[in-house]
Amino acid sequence: MRVKTNTKQWINEGYIHITSTITMCLVMSLIVFVLGTFVVDHYKTIVIPHDLYFPPFTAITQTQTTSIHSCHEPSRSSSTSSATRQIVEFTDSTGVVDLWHSMSDSDLMEKAARVPRVANDPWKVAFMFLTRGSLPLGPFWERFFKGHEGLFSIYLHTSPDFNYEPPNSSVFYKRRIPSKHVQWGKSTMIDAERRLLANALLDFSNQRFILLSETCIPLFNFTTIYNYLINANQSFLSSFDDPSKIGRGRYNKRMGPTITLQDWRKGSQWFESNRELAIEIISDKLYYHVFQNHCSPPCYMDEHYLPTLVNKVRPDLTTNKTVTWTDWSGGGSHPATFRKINLTKAFLNRVRYESNCTYNGRNSSICFLFARKFHPSTLESLLKIAPKLFEFSG
């Protein structure tokens, strides 16, 4: 009886030992697998980062062979190693470069901050439209761009509720970027501008970047504007010291010591930037957060953030003036709006030539390349007068 009991106990102990050994082996295997996955994943991230390279776009609108860069979040069924990162795909298409992606703003800024500082040939001008919806003067812009494919890119930041897509024959087809709501004078306005810049920087051929609104018009033909910007030695971002109440009077002492009163600048929201300065703008975190925390009405970020930032980080890269003409002669918080009755050849030529400035160190009568604010009622007159006056091609 004792022999049977001892035998049974020995068998039970054997089973327990075998079970423990198998369990320990499984646990050790799992640990080795997890550690291995972790090491390999970090090796790939550090040594060969998957998202460091962006293929250059070979066209702006419709193309025969277009290299598309699209980013989207992985599906829920993706593996653990890829679920923590965005998937970047590069595909060939015979259609249009679609700007839509699912990157967060922080991921977008980080990616754009690592792009080359020198653009690929041929250099292009990025036209960045900050709008609420459609472009009422769009047909006029279509005439302006016609015949110059390969030398420009278009980016539209609209209200996220705006879903209209123009015909695929339009230069504005699929040029909307992922957008968010914008409030005048608030930090969301700067967010939209930085969003436009960051998206435009992902095209390695974009060398110059101009911010425009739906009320803006070009004052010259495409060739004149393109050559003016591409050959400019500096950017055109307005930045000046305004000692008045609506200048220095808006400075908040809590911005110090990061931003002092001596650093404080004011300028036009409508800027033009070369590639190097654009990268500086979207890379900034320090000064942006100071403004976000301490600049609220009557301080307006769109009038002070970029002028002050550029004055702090790269004052050598700008002429401190804008190339977008605006009429503030009426006073108030908003500039004059021009309607059909105002639009004449004499008026347009006055805006185009009756100014004096310097361009690349030489005196020039061409100081403004764009103008605002033009009411939708001016479209018909613009299409009749401007193409011949501006010598549009096509």
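Note that the coordinates shown come from a computational prediction; the quantities given were computed from them, not determined experimentally. Values below: every heavy atom of this structure, side chains too, minus hydrogens, waters and symmetry copies.
Close placement of the Phe140 and Phe392 rings is indicated, their centers lying within 6.0 Å of each other. With ring centers used as reference points, Phe374 lies 6.0 Å or more from Trp141. Residues Phe220 and Tyr228 keep their aromatic ring centres 6.0 Å or farther apart. Aromatic pair Trp123/Tyr226: ring centres not closer than 6.0 Å. Aromatic rings of Phe145 and Phe127 (six-membered ring for Trp) have centroids within the 6.0 Å cut-off, being under it. Aromatic rings from Trp270 and Phe370 are positioned such that their centres are separated by 6.0 Å or more.
No side-chain heavy atom of Ile210 sits under 4.5 Å from any side-chain heavy atom of Phe271. Counting heavy atoms from C-beta outward, Met103 and Lys111 have side chains that approach closer than 4.5 Å. With contacts defined as side-chain heavy-atom distances shorter than 4.5 Å, the pair Met255/Phe291 qualifies. Two residues are said to be in side-chain contact when any heavy atoms from C-beta on lie closer than 4.5 Å; Lys373 and Phe338 fail this criterion. Using a 4.5 Å heavy-atom threshold, the side chains of Ser106 and Leu108 count as separate. A heavy-atom distance below 4.5 Å is not found between the side chains of Leu130 and Leu212. Residues Leu306 and Leu237 are in side-chain contact: their nearest non-hydrogen atoms beyond the backbone lie under 4.5 Å apart. You'll find the side chain of Phe390 stays beyond 4.5 Å of the side chain of Leu382, heavy atoms only.
Of all heavy-atom pairs spanning Ser239 and Pro307, the tightest one is OG-O, 3.0 Å. Shortest non-hydrogen contact noted between Val115 and Leu201 is CG1-O, 3.8 Å.
Remark: the Tyr359 side chain and the Asn231 side chain contain no N/O donor-acceptor pair separated by less than 3.5 Å. For the residue pair Thr224 / Asn221, a side-chain donor-acceptor distance below 3.5 Å is found, with atom types taken as modelled. A donor-acceptor contact closer than 3.5 angstrom links the side chains of Asn199 and His101. Between the side chains of Asn206 and Ser153, at least one donor N or O lies within less than 3.5 Å of an accepting N or O.
A side-chain donor-acceptor contact under 3.5 Å links Arg352 to the backbone of Leu219. In this structure, Tyr287 contributes its side chain and Lys312 its backbone to no donor-acceptor pair below 3.5 Å. Here the side chain of Arg175 pairs a donor or acceptor atom with the backbone of Ile154 at under 3.5 angstrom.
One distance of note links CG of Asn342 with CZ of Phe347; it measures 6.5 Å at 0.5 Å rounding. Atoms CG and NZ, on Leu229 and Lys124 in that order, are 15.0 Å from each other to the nearest 0.5 Å.
Between Arg265 and Glu303, none of the side-chain N atoms (NZ, or NE/NH1/NH2) sits under 4.0 Å from a carboxylate O, so this pair counts as no salt bridge. Comment: Lys266 does not engage Asp241 in a salt bridge, judged by the lack of any side-chain N to carboxylate O separation of less than 4.0 angstrom. Using a 4.0 Å cut-off between a side-chain N of Lys or Arg and a carboxylate O of Asp or Glu, Asp191 and Lys180 do not qualify as a salt bridge. Salt bridge absent: Lys146 and Glu142 never bring a charged side-chain N and a carboxylate O closer than 4.0 Å.
Shown here is Lys186, whose NZ atom has no more than 12 heavy atoms of other residues, nucleotides or ligands within 6.0 Å. No more than 12 heavy-atom neighbours from other residues, nucleotides or ligands sit within 6.0 angstrom of CD on Glu391.
Relative ring orientation between His148 and Phe222 is described as parallel, the plane-to-plane angle staying below 30° on a 0-90° scale split at 30° and 60°.
Phe162 does not carry Arg132 over the face of its six-membered ring by the limits of under 6.0 Å from the centre and within 45° of the normal. A cation-pi contact, defined as under 6.0 Å to the ring centre and within 45° of the axis, links Arg194 to Tyr288.
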